[in-house]
Amino acid sequence: MEIASKYSPNATEDKWYKYWMDKGFFKSVPDEREPYTIVIPPPNVTGVLHMGHMLNNTIQDILIRRARMMGKNACWVPGTDHASIATEAKVVNRLKTQGIDKSDLSRDEFLSHAWNWTEEHGGIILEQLKKLGASCDWDRTCFTLDEPRSKAVIDTFVALYEKDLIYRGIRMVNWDPEALTAVSDEEVVYKEVHSKLYYLQYQIEGEEEFVTIATTRPETILGDTAVCINPNDERFAHLRGKRVLVPLVNRSIPIIEDEYVDMEFGTGCLKITPAHDINDYEIGMRHNLESIDILNDNGTLSEKAGLFVGKDRFVVREEIIPELEKAGNLLKVENYDNKVGCSERTGAVIEPKLSTQWFLKMSDMAKVALDAVMNDEVKFHPAKFKNVYRHWMENVKDWCISRQLYWGHRIPVFYLESGDFVVASTIEEAVEKAKAKTGSDALTTADLSQEEDVLDTWASSWLWPMSVFDGFNPENNEVDYYYPTNDLVTGHDIIFFWVARMIMAGYEFKGTFPFRNVYFTGMVRDKQGRKMSKQLGNSPDPLDLMATYGADGVRVGMLLCSPAGGDLLFDESLPEQGRNFANKIWNAFRLVKGWDIDNSIEQPEYAKQAISWFDAKLDQTIEIVNDHFSKYRISDALMTVYTVFWQEFSSWYLEAIKPAYQQPLDGATYKATVEFFDKMLRLLHPFMPFLTEEIWQTLEGRKEGESIMVSDMPVAKPLNADLLDKFEIMKEAVGGIRTIRKEKNIAMKDALKLDVLGGENYAADFDAVLVKMANISEKTMVSEKTEGAVSFMARTNEYFVPMDGMIDVEAELEKLRKDLAHQEGFLKGVMKKLGNERFVGSAPEAVVAKERQKQADAEAKIKTLTESIARLEK
RNA sequence: GGGCGAUUAGCUCAGUUGGUUUAGAGCACUUGGUUUACACCCAAGGGGUCGGGGGUUCGACUCCCUCAUCGCCCA
């Protein structure tokens with residue numbers, strides 16, 4: 001069989017994905033096995049696959065594939081969320097290109113456009129995940145706006161309302177003037193901007209005196225209803241009880257006193273605009289001030305402003321300045337850097353706005369959810385996010401859950417003509433409740449009108465770990481099998497949006513945590529540490545990457561730079577490294593499959609030795625990998641297997657057993673090698689599913705329906721550490737000989753003699769491997785130093801390569817002296833410790849014993865080196 | 001302004017209750033190599049006063065304080 005010298009992922013990936021799908025390997029149904037569950041962080045329907053998804057889903061797939069191979073009933077539930085604001089914005093834009101205005105459509109008409117859009121785009125990202133090898137149970141694919149998920153959202157709203165956790169109130173909210181909706185605190189991102197600080201003078205009523213305030217938003221003076229000073233500020237004592245005139249409109253407003261005012265900032269005098277600033281609003285409440293809302297929903301000035309009506313607030317900011325100057329109210333303008341809240345979705349500058357919204361009380365739920373994380377019932381990886389989480393939870397504010405949009409779950413509140421309302425899952429139930437409430441049996445559905453607002457998308461996402469299993473349907477008990485789920489893998493940027501709220505919902509509705517572990521990934525950045533964004537064009541297309549380096553290569557590349565929680569600096573050299581690794585495995589396979597097997601020949605000694613060693617090496621590897629996974633050090637786990645495959649298996653084991661050119665391999669060695677290879681592949685499978693399947697299928701004859709992905713993960717036998725250590729000494733010796741070859745320019749094909757002056761514990765266990773790997777023609781144990789030889793040490797053993805007098809004495813001496821100096825320095829350090837009575841007295845016995853061993857080894861080495869030097873100096 | 005975290009090799013990072021040879025990995029670098037599995041490779045090698053200073057301890061990359069620099073979150 002001819003095997004190509006390069007692995008081609010493109011030829012194999014689709015084939016095996018289809019095979020896995022056809023065999024139903026991704027499917028999970030409850031059975032007697034222990035479940036292992038992950039719910040996907042639902043990407044939103046507007047999205048396409050980006051590097052963050054690649055990282056996230058690679059990790060999830062690794063966890064789920066490994067769990068499956070460890071005998072768990074692994075279930076990874078995929079799905080998407082409906083992303084209210086983002087999707088509605090996209091649909092509105094598309095309609096615009098078709099000449100349709102949203103306001104021309106009825107709610108139902110708009111929704112049918114939105115559903116069409118979702119049909120077209122919603123599945124794209126999930127299809128892309130298949131390219132990555134994601135082993136999701138696709139039959140379970142969910143959408144936050146589908147029937148069971150919607151029912152869950154509505155029913156929980158009703159339940160929370162009935163528990164008095166949901167209320168309606170007039171409050172200051174973050175208003176997105178572009179999306180025309182309120183957004184939650186978490187959806188506001190603060191951006192540093194260069195702006196200006198305007199100093200404006202307000203005339204004191206009835207006097208020719210002025211008072212100066214500083215503001216970054218001069219247009220809002222039209223909504224001013226007070227000027228505020230600090231009661232402790234003596235500079236303004238003379239202003240107490242007076243009134244001032246708002247520039248341009250000459251409205252008379254009071255001067256009030258409140259300790260909120262920072263005497264150091266600006267002029268120490270603050271204008272108060274209760275309708276357009278959260279702090280001003282609170283001051284206004286304290287002082288019973290009037291609120292003048294000068295903005296329309298779209299950010300233009302309203303009739304109440306009196307001036308500039310209909311113009312955008314930013315236009316007015318420009319235009320009002322010359323007017324103020326003309327009127328003599330502008331004192332000066334300074335450059336000023338401040339942070340401005342912008343909508344996470346539309347980028348529009350958020351306007352604090354008073355409006356009627358629905359809120360969910362957070363304090364009780366937050367308490368439970370905080371405890372769960374602080375006592376590690378839900379474990380965070382890395383744990384440092386516990387602090388961030390605690391800080392948020394301790395300062396949590398009620399969650400504004402209503403959005404003034406069409407695309408989403410419509411709030412199940414039904415109003416009567418009186419303005420009174422009932423909360424019910426369906427309009428039929430609402431009628432019954434309304435009847436009971438009003439005592440009027442004549443009420444029908446026609447008398448009720450449903451709340452126009454929809455719910456925040458996260459109000460459906462927070463139920464996800466339950467709702468994907470139809471967990472709110474009393475007739476479905478599947479949720480009892482899969483819930484709580486095991487691991488959640490997500491970016492740390494949505495710790496509050498999503499993780500915290502899922503934990504709240506889990507305890508609220510199921511009485512327990514939604515997942516046992518949360519693995520936070522970092523943000524994928526470019527090589528220079530910049531966030532990947534469309535604008536910068538610094539984000540590679542994942543599909544292109546996979547086409548170039550293979551899905552396995554990209555998966556490896558993602559992990560190579562991704563410690564948990566830390567940002568990862570992505571560079572194309574990483575998937576390239578992944579591809580190279582895939583090729584390395586491929587070529588090891590090519591080597592093994594290329595040998596002729598002869599069962600009649602005897603197994604060479606070197607092969608027996610190498611097999612005994614690698615068997616132990618595998619045990620050690622399995623243990624280390626298990627340990628890494630238990631601590632969610634996934635990139636370390638990969639790195640372990642990577643190094644063992646490349647260095648230990650390929651460079652040591654395979655080279656050690658390799659028969660001479662065109663010679664056959666004995667059957668016993670072949671059998672052992674295939675077993676090792678098989679185990680290595682299984683350890684690698686979660687990381688590199690496609691390549692490992694391709695090789696595994698041809699490594700030995702497989703039956704139809706078999707697959708590495710449903711094979712067992714190897715388990716470790718008790719570790720033979722002594723054997724491993726002896727092999728390491730042998731490696732050092734081989735390394736020493738190779739160095740000599742390099743220094744003396746002796747080609748590998750020229751065999752060398754080797755004399756060994758063994759130390760106390762010289763073990764010959766791997767001599768046959770040593771002889772082969774270093775190409776030694778004759779190895780002799782000696783009891784005295786060999787004359788005319790180049791020497792080196794490995795541990796306390798001294799090795800001599802006879803050179804027929806062709807040695808450079810000076811160079812040898814230099815090498816030996818350097819080594820001696822190092823050993824002496826080292827010994828000095830050891831002796832310093834051992835000479836300290838307090839160390840010997842108070843350190844644990846094992847530590848002291850270790851130091852004594854170091855001392856003995858160093859002394860032995862020093863003795864040997866000193867003798868060698870003396871001999872050469874003669 | 002409040003809080004959290006980081007600083008270890010040229011780069012990206014490990015370093016696990018303070019003790020495993022005066023610090024490890026991958027990449028990059030240097031030198032040599034057409035040894036027929038692999039140049040997407042092989043072999044050998046160089047490179048770090050663990051951000052500065054102070055302290056605790058028999059012993060500090062590890063714990064404490066302080067300074068500097070950077071990052072993140074929140075307001």
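Fair warning: this is a prediction, and the values are worked out from it, not measured in the lab. Chain A is the first sequence line, chain B the second, and so forth, proteins listed ahead of strands; every chain is numbered from 1.
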Taking pairing as Watson-Crick or G-U wobble with both contacts under 3.5 Å, can you name the mate of B:rU16, or confirm there isn't one?
none

Which nucleotide, B:rC4, B:rC74, B:rA37, lies nearest any side-chain atom of A:Val388?
B:rC4

On RNA chain B, more 5' by nearest nucleotide between A:Lys749 and A:Asn279 is A:Lys749

May I ask you to check if A:Lys772 and A:Tyr606 form a cation-pi contact, with NZ or CZ under 6.0 angstrom from the six-membered ring centre and within 45° of the axis?
yes

Considering Watson-Crick and G-U wobble pairs with both distances under 3.5 Å, what does B:rC74 pair with?
B:rG1

In the structure shown, which nucleotide is the Watson-Crick or G-U wobble counterpart of B:rC50, with both distances under 3.5 Å?
none

The Watson-Crick or G-U wobble partner of B:rC41, with both key distances under 3.5 Å, is B:rG33

Compute the ring centroids of A:Phe676 and A:Phe649, then answer whether they are less than 6.0 Å apart.
no

Would one find a side-chain N or O of A:Lys584 under 4.0 angstrom from OP1 or OP2 of B:rA37?
no

Using the side-chain hydrogen bond (donor to acceptor under 3.5 Å, both in side chains) rule, take A:Asp857 and A:Gln853 through it: C-alpha gap first, then chi angles, then the decisive distance, then the call.
CA-CA 6 Å; A:Asp857 286 359; A:Gln853 184 60 47; 2.9 Å; yes

Taking A:Glu648 first and then A:Lys731, would you say they form a salt bridge - that is, a charged N and a carboxylate O separated by under 4.0 Å?
yes

Report yes if a side-chain nitrogen or oxygen of A:Asn580 is closer than 4.0 Å to either non-bridging phosphate oxygen (OP1 or OP2) of B:rC41; otherwise report no.
yes

Among the nucleotides B:rA25, B:rA44, B:rG19, whichever has the atom closest to the side chain of A:Val847 is B:rG19

Contact under 4.0 Å: A:Asn745 side-chain N or O vs B:rG32 OP1/OP2:
no

Most 5' of A:Asp627 and A:Lys854 on RNA chain B, judged by nearest nucleotide:
A:Asp627

Return the orientation label for the A:Phe496 and A:Trp392 ring planes: parallel under 30°, perpendicular over 60°, tilted otherwise.
parallel

Hey, does the side chain of A:Tyr642 come within less than 4.0 Å of B:rC27's phosphate (OP1/OP2), counting only N and O?
yes

Does a nitrogen or oxygen in the side chain of A:Thr643 sit under 4.0 Å from OP1 or OP2 of B:rG26?
no

Verify the contact: side-chain N or O of A:Trp392 to OP1 or OP2 of B:rC4, cut-off strictly under 4.0 Å; return yes or no.
no

Give none if B:rA68 has no partner; otherwise give the nucleotide forming a Watson-Crick or G-U wobble pair with it, both distances under 3.5 Å.
B:rU7

